[in-house]
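In listed order, ligands and their atoms are each counted from 1. Quick note: residue numbers are just sequence positions, from 1.
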Amino acid sequence: MSTTMKNIPQTWLEEIIRLSIERLVIVDRHGVIVYIDSDYCEFLGTTAEKAIGQLAPDIIENSRMHIVAKTGKEEIEEIQPINGSVMIANRYPIFIDGELVGAMGTVMFPNPENLMHYNHKIQSLVEELNFYKTKAEKELKSKYSFKDLTGNSRNFRGVKAFAERISVSDSSVLLTGESGTGKELFAHAIHNSSLRRNHQFVPINCAAIPEELFESELFGYADGAFTGSKKGGKKGLFEVANNGTVFLDEIGEMPLFMQSKLLRALQEKEIHPVGGQKNIRVDLRVIAATNRDLEKMVEEGSFRQDLYYRLNVIHIEIPALRERKEDIESISNELLMKLGKRFYRTGIELSTEVLNRFHQHSWPGNVRELENVLERAINLLDGNKVELAHLPLYLRDQEVVNFQPEVHVPASPENPLNQAASTPVLTLKETLAQAEKLALQNTLLLTNGNKLEAAKLLGIGKTSFYEKCKLYQL
Ligand SMILES: Nc1ncnc2c1ncn2[C@@H]1O[C@H](COP(=O)(O)OP(=O)(O)OP(=O)(O)O)[C@@H](O)[C@H]1O
Ligand SMILES: [Mg+2]
């Protein structure tokens, strides 16, 4: 301790930290909490006694202290959601005599009056940021072709051959199928074997675009169209996709007002940038995808019939994994090979028990679920064989934890999680994740799969709702 600090009594130090506007946690080299201030504990609903000695991420939601304590790289002014609030976090590595010994983290709590306002402001920024981040990641992602589509079952081969045949046509394609069946992969593959393959393939996730950005994103805007708009205007995605393919993913989530604008653009083959004077001609091929029942949405009036006909010129329905169980083994092997490369492992196999269990499972999240299950297994694996013990609990013991969607009565104090009551002991994180997944599933059932409405009912932003759906393979 420096000479100046020595003059401060130990009892003062705690109070000084408490008075500062930031909350403080200190971890050792392994990310284990060695100090956490009392107000922070109160906010987290824990006590210093319970928190000290635990790994930071087990106590603090979205904590990265263990990472900073390992990398020695500071992280400044990061946004960290904790208990539903957005916090500003700073994380500093602690070096003593040139040696990395741990890390200190602070989070700033906005005061209660400003909390709502602040949260709202940050939340929309975070949503916008996530949206652009996902978009940028997508654009960097490698492109797929038909040879990346694994599956030898009769029905899958049929669908694949049909998709390959219609690739060269310019007609609109509507891809349907449950979540995780490979709609996006098919869209890429169709573009890459079409005559447009040397032009852009532009994926547009209709569920993730904030409503107020829809028009400017798709059609662009002219110089000075609105305050804060970029000088010189901005090209819309439809113009970027000119001569190529535009992939309208999650088309069922497109709001009605945008459906009309989209239809007009497709019919007239022209787009009108926001605040612009003239129309721009575009030559596009449209591939749309959804896991919702568009026909039913048309009946209910939430999807325009004319747009539906325009998109549904060629319809490709991708079969669910449970309808082609004979593909499970080959897809698993393919995925294990890919994952093996990523994790520097080779020769990983599934045990007979695991394969049997895979055959019994209904795979509501389809290939994406299988991919997640295998990635998790590789992380737990010591040898080369994936055993039942490497599977997530819901697959290991399907009788007990069963995630077949059903509408449940609201949680009650006697039985807060209803069906979770009979499950074996899970970590708090797993339990919360289950409850969250269940809440999402039930709300989606209530809204007939309408994600926007479900997000509203649950009181969360649509981007974060959308991300959670991806996480839980809904
Ligand atoms: N036939 C397949 N062979 C190999 N991998 C596949 C196959 N089908 C899907 N996948 C993988 O499964 C994951 C999910 O695929 P994709 O994103 O295309 O699904 P989706 O139908 O668009 O799902 P969602 O409706 O949730 O958006 C991807 O990582 C993809 O690589
Ligand atoms: Mg998709």
Side-chain angles (χ1 to χ4, degrees), residues 134-135 137-138 140-164 173-192 201-209 246-254 287-294 315-342 358 363-376 378 405 437 440-441 444 449-451 454 462-463 465-474:
T134 327
K135 206 173 87 174
E137 276 165 15
K138 277 245 166 90
L140 290 174
K141 224 163 83 177
S142 68
K143 304 276 179 273
Y144 304 100
S145 60
F146 281 108
K147 68 174 174 14
D148 297 308
L149 289 164
T150 316
N152 253 324
S153 59
R154 243 187 67 178
N155 47 1
F156 191 72
R157 266 187 302 156
V159 170
K160 200 167 137 180
F162 177 65
E164 235 171 323
V173 179
L174 179 65
L175 295 165
T176 58
E178 289 178 11
S179 180
T181 44
K183 296 184 288 297
E184 191 167 339
L185 241 63
F186 266 86
H188 276 275
I190 293 171
H191 170 77
N192 283 333
F201 173 83
V202 179
I204 302 176
N205 189 328
C206 302
I209 304 186
V246 55
F247 174 43
L248 298 170
D249 201 3
E250 313 280 348
I251 187 81
E253 312 302 319
M254 185 178 263
I287 304 179
T290 183
N291 51 18
R292 299 188 57 191
D293 185 348
L294 284 189
H315 180 199
I316 299 178
E317 164 98 36
I318 306 170
L321 195 53
R322 85 184 74 80
E323 292 159 13
R324 48 187 182 107
K325 290 205 159 159
E326 61 269 46
D327 285 345
I328 291 176
E329 192 169 356
S330 59
I331 295 180
S332 297
N333 289 336
E334 181 75 30
L335 292 172
L336 282 173
M337 228 158 64
K338 264 197 220 154
L339 287 165
K341 270 194 203 137
R342 230 173 76 203
F358 279 7
W363 299 106
N366 294 291
V367 186
R368 184 181 297 110
E369 183 183 356
L370 180 59
E371 213 168 46
N372 292 346
V373 167
L374 294 174
E375 180 169 342
R376 181 186 187 279
I378 289 197
K437 181 172 176 181
L440 258 60
Q441 275 179 334
L444 277 171
N450 185 332
K451 288 186 177 163
K462 73 170 176 178
T463 312
F465 182 83
Y466 191 76
E467 273 164 9
K468 286 183 197 298
C469 286
K470 277 248 138 47
L471 182 69
Y472 300 124
Q473 301 140 10
L474 297 177

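Within the 4.5 Å cutoff, the side chain of K470 has heavy atoms near those of the R368 side chain. Taking 4.5 Å as the limit, every side-chain heavy atom of L248 sits out of range of all side-chain heavy atoms of N205. You'll find the side chain of F162 reaches within 4.5 Å of the side chain of I316, heavy atoms only. Counting heavy atoms from C-beta on, the side chains of T176 and N291 never come closer than 4.5 Å.
Atom 17 (O) of ligand 1 has R368 NH2, 3.2 Å as its closest protein atom, hydrogens excluded (heavy atom only). The nearest heavy-atom contact from the protein to atom 19 (O) of ligand 1 is G182 N, 3.2 Å. Looking from atom 22 (O) of ligand 1 to the surrounding protein, the closest heavy atom is E184 N, 3.3 Å.
The residue I318 has no part lying near ligand 1, judged by heavy-atom distances below 4.0 Å. Using a 4.0 Å cut-off between heavy atoms, T150 contacts ligand 1 through both its backbone and its side chain. If you look at F156 next to ligand 1, the close heavy atoms, those under 4.0 Å, all belong to the side chain. Contact annotation for E334 and ligand 1: no heavy atom of the residue comes within less than 4.0 Å of the ligand.
A salt bridge links E375 to R342: at least one charged side-chain nitrogen sits closer than 4.0 Å to a carboxylate oxygen. A salt bridge is absent between E326 and R154; no separation between the charged side-chain nitrogens and carboxylate oxygens falls under 4.0 Å.
When each atom of ligand 1 is checked for a heavy atom of K470 under 4.0 Å away, the hits are 27 (O). Listed by number with element, the atoms of ligand 1 under 4.0 Å from a non-hydrogen atom of N291 are 25 (O). If you number the atoms of ligand 1 from 1 as listed, the ones under 4.0 Å from a heavy atom of E250 come out as 27 (O). For ligand 1, the atoms lying closer than 4.0 Å to a non-hydrogen atom of D148 are 3 (N), 4 (C).
Considering backbone and side-chain N/O of D249, none are found under 3.5 Å from N/O of ligand 1. By the 3.5 Å distance cut-off applied to N or O atoms, G180 is counted among the residues near ligand 1. Remark: ligand 1 and V367 share no N or O pair separated by less than 3.5 Å (distance only, no angle test). Any N or O atom pair closer than 3.5 Å counts here, and Y144 shares no such pair with ligand 1. Annotation: L185 places an N or O atom under 3.5 Å from an N or O atom of ligand 1; distance criterion only.
Between D148 and L185, the shortest heavy-atom contact is O-CD2, 4.2 Å. Residues R324 and P319 approach most closely at NE-O, 3.4 Å, considering heavy atoms.
One N or O on the side chain of W363 and one on the backbone of F358 form a donor-acceptor pair closer than 3.5 Å.
The heavy atom nearest to atom 28 (C) of ligand 1, considering only K183, K160, E371, is found in E371. The closest heavy-atom contact to atom 26 (O) of ligand 1, among the options G177, S179, A189, G151, comes from S179.
For E329, the CD atom counts as loosely surrounded, since its 6.0 Å shell holds 12 or fewer non-hydrogen atoms of other residues, nucleotides or ligands.
A side-chain N or O of D327 and one of S153 form a donor-acceptor pair less than 3.5 Å apart.
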